[in-house]
Q: 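Dumping the structure here so I can ask a few things about it.
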Amino acid sequence: MEMDAAAFEKLVIDELDRLPDEMVEGLENVVFVVEDRPEDGTLDLLGLYDGLALTERGQYGMGELPDRIIVYREPHLDHADDEDELRDEVHTTLVHEIAHFFGLDDRQLHELGWA
């Protein structure tokens, strides 16, 4: 599947807007970033949470850089056959990486019905 960077970023924003309020409430000092590929160039990694989970830190201090949730465009396009499948994959990636921000693991995600 092919999609340029601008169209993919719009799709990611659309999927972020579709997430339930209870999932995105409490996201503080987090930015969402779209990149083409992970640094190692592989197509295996769909997303990455770059930060310290809420369960592992104290309060942010003044001037702290935000945590990042990165969604990789090329691996998503490589894994999807059509736009519906792409949207599903992006949705799953966003849920997974947001869960890491909150300190949730895969087992807990399944229990909550988020994965």
Q: Output the distance between atom CE (Met3) and atom CG (Leu77), rounded to the nearest 0.5 Å.
A: 6.5 Å
Q: For His100 and Tyr49, take the angle between the two ring planes, folded into 0 to 90°, and tell me which bin it lands in: parallel under 30, tilted 30 to 60, perpendicular over 60.
A: parallel
Q: Rounded to the nearest 0.5 Å, how far does CD1 of Ile98 lie from CD1 of Ile69?
A: 5.0 Å
Q: Examine Val34 and Leu19 and state if one hydrophobic cluster contains both, with Ile, Leu, Val, Met, Phe, Trp and Tyr joined whenever side-chain heavy atoms are less than 4.5 Å apart.
A: yes
Q: Output the distance between atom CG (Leu86) and atom CD (Glu15), rounded to the nearest 0.5 Å.
A: 8.5 Å
Q: Give a yes or no on whether Val33 and Phe101 share a hydrophobic cluster (residues Ile, Leu, Val, Met, Phe, Trp, Tyr; joining criterion: side-chain heavy atoms under 4.5 Å apart).
A: no
Q: For a side chain to side chain contact (heavy atoms under 4.5 Å, CB included) with Leu46, tell me which candidate from His79, His96, Arg73 qualifies.
A: His79
Q: To the nearest 0.5 Å, how far apart are CG in Asp14 and NE2 in His91?
A: 13.0 Å
Q: Taking the side chain as C-beta and beyond, is there a heavy-atom pair between Glu28 and Leu54 under 4.5 Å?
A: no
Q: Taking atom CD of Glu111 and atom CD of Gln108, what is their separation to the nearest 0.5 Å?
A: 6.5 Å
Q: May I ask you to test the Tyr72-Thr93 pair for a side-chain heavy-atom distance under 4.5 Å?
A: no
Q: Hey, any chance Val71 and Met23 share a hydrophobic cluster, counting ILVMFWY side chains that come within less than 4.5 Å of each other, even indirectly?
A: yes
Q: What I'd like to find out is whether the side chain of Asp40 reaches to under 4.5 Å of the side chain of Leu45, using heavy atoms alone.
A: no
Q: Is the shortest heavy-atom distance from the side chain of Glu83 to the side chain of Met1 under 4.5 Å?
A: yes
Q: Measuring from Arg87:CZ to Asp82:CG, what's the distance to the nearest 0.5 Å?
A: 11.0 Å
Q: What I'd like to find out is whether the side chain of Leu43 reaches to under 4.5 Å of the side chain of Arg37, using heavy atoms alone.
A: yes
Q: Quick one: do Val95 and Leu48 end up in the same hydrophobic cluster if we chain Ile, Leu, Val, Met, Phe, Trp and Tyr together by side-chain heavy atoms under 4.5 Å apart?
A: no
Q: If you group Ile, Leu, Val, Met, Phe, Trp and Tyr by side-chain heavy-atom gaps below 4.5 Å, do Val31 and Leu27 land in one group?
A: no
Q: Search all heavy atoms of Pro38 against all heavy atoms of Thr42 and return the closest pair with its distance.
A: CD-O, 3.3 Å
Q: According to side chain to side chain donor-acceptor pair (under 3.5 Å), who are the partners of Asp50, at least two apart in sequence or on a separate chain?
A: Arg68
Q: Are any non-hydrogen side-chain atoms of Phe32 and Val12 less than 4.5 angstrom apart?
A: no
Q: I want to check something: taking the side chain as every heavy atom from C-beta on, are Thr55 and Phe102 in contact at a cut-off of under 4.5 Å?
A: no
Q: Asn29 versus Asp67: any side-chain heavy-atom pair under 4.5 Å?
A: no
